There are 2 protein chains.
Amino acid sequence: MVRKAEFEDSSFIEAAIELIAVGGPAAATMAAIARAAGAPTGSIYHRFSSRAALLAAVWHQCLAALAAKMLPPLNQGQSEAAVKALIDWATKHPAMARVVLLHREDDLIDGELPTELHKQMNRLNQQLGAGLSALLSHRQKTLSTSNLALANFAIFDGPIAALKPFLRGPKNVTPPNHTTADNGTCRAAALACARASLDLLE
Amino acid sequence: MVRKAEFEDSSFIEAAIELIAVGGPAAATMAAIARAAGAPTGSIYHRFSSRAALLAAVWHQCLAALAAKMLPPLNQGQSEAAVKALIDWATKHPAMARVVLLHREDDLIDGELPTELHKQMNRLNQQLGAGLSALLSHRQKTLSTSNLALANFAIFDGPIAALKPFLRGPKNVTPPNHTTADNGTCRAAALACARASLDLLE
DNA sequence: CATGAATTAAAATAACCATTCTAGAATGAT
DNA sequence: ATCATTCTAGAATGGTTATTTTAATTCATG
């Protein structure tokens, strides 16, 4: 039985990523996503139960793609390589990188996410936490809350913030001087930030 | 002529700041802001032409408050003191700090902002740019775009990202280990990040 | 003490968007 | 060939929330 689907989950996810990268999450309306994917709006609901579910899938896909590059070095205690992996990934996938940069917890509201996705997101978070722990272990540091937070900033939040001037959206009109920078500068800042923060581990 | 106003601009701005701090910008609906301020929704429109204008005023007020603390040391080339000022300010005004942390350009959309506010925002941006330039000058560095971006990350974006684990909202349910940290840890990370980035100036 | 500008107050409206619905079309199984 | 199922297609619906409107209130001023 059944008719072949013309649109896949990924069609809508990818369309949403592009829209978010350009105009922020607010620009990713269901109508806009459908239009970008060349589909009628109704079709999205055959793939995703709600907009919240779709946006959660977007967030998960981006974070998972990033984690795939970072976890191997991280689990071997190679912090420098992990940060470099982040930068290379962001350079290669600027749209996904912008999704990560623009992500805010309160975008995900609604406890009504599909169970499956919820599990995947938990697993991913767990893997990232394990990666940070591995990093600490390799450096013979305690697995304290402060050390974990420090490592998280050193490896993720710091470098991502450092990439901000490089990850400018396309449509910006008046970009002040201090909001633009080339890849090399951002890379240096991200690495410096990571090293300095990791030196603080106790 | 005229009746005395019962509500001031600041009533609504402050109510909005609290709401944003707790539930993100999406929680700051006109109805919620009015309720929090103890006013009817309609009254807000006697102070602000639109929600966009109000939110822009919120953003400007928070950034201006922060800048007031940071610009003096910055203009004297005291980068360390500037970052400390940021941390102290965030510690003292967590709600405003969260507004800064959660701020995203695309929240400000709509080119239809009041001229006056637009001017104020331009002036503020200019002052911040001048502060960064002063910092570079004191260190005998060139005023290149990369150096400005680097300084901006060192003084603003980096430290603010470092404070994230300390600036957790109240309502969070399952805060993963690596997302919480005390003030001391965050302070150390912010300062380390700043120092390391400033060392990269050319 | 009347006047009217500026306001409070709350209800009405309108715009935007997610979601649902109705119809028709494709596809594989029986 | 027919049926059940899953899809496309796009219009209709409904809920949320910004904004407007209308009426009543206040108060400095002439």
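The sequence lines fix the lettering, A, B, ..., with proteins before strands; numbering per chain opens at 1. Keep in mind it's a predicted model, so treat the numbers as computed, not measured.
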What nucleotide, of dA9(C), dA18(C), dT19(D), holds the atom closest to the side chain of Arg51(A)? dA18(C)

So if I take every side-chain heavy atom of Thr29(A) and compare against dG10(D), dC7(D), dC17(C), which nucleotide ends up nearest? dC17(C)

From CD of Glu8(B) across to C1' of dT8(C) the rounded distance in Å is 15 Å

Under 4.0 Å between a side-chain nitrogen and a carboxylate oxygen: does that hold for Arg187(A) and Asp182(A)? no

Flag, side chain of Arg98(B) to backbone of Ile20(B), donor-acceptor distance under 3.5 Å: no

Atom CZ of Phe48(B) and atom P of dT20(D): how far apart are they, to the nearest Å? 16 Å

Rounded interatomic separation in angstrom, taking NE2 from His46(B) and P from dT25(D): 16 Å

Output yes when Arg195(A) and Glu80(A) qualify as a salt bridge under the 4.0 Å nitrogen-oxygen rule, no when they do not. yes

Rounded to the nearest Å, what distance is computed from the CD1 atom of residue Ile33(B) to the P atom of nucleotide dT19(D)? 11 Å

On DNA chain D, more 5' by nearest nucleotide between Arg47(A) and Gly42(A) is Arg47(A)

Per atom distances to the Met30(B) side chain, the nearest of dC7(D), dA18(D), dA9(C) is dA18(D)

With respect to the side chain of Tyr45(B), which nucleotide from dT19(D), dT8(C), dT8(D) is positioned closest? dT19(D)

Give a yes or no on whether a salt bridge exists between Arg168(A) and Glu105(B), defined as a side-chain N under 4.0 angstrom from a carboxylate O. yes

For Leu19(B) and dA18(D), what is the distance between atoms CG and C1' respectively, to the nearest whole Å? 16 Å

Distance in angstrom units between Asp9(B) CG and dT7(C) P, rounded: 10 Å

With a non-hydrogen cut-off below 4.0 angstrom, is Thr41(A) in contact with a base, only sugar-phosphate, or nothing? base

Ile44(A) atom CD1 is separated from dC7(D) atom C1', nearest whole Å, by 15 Å

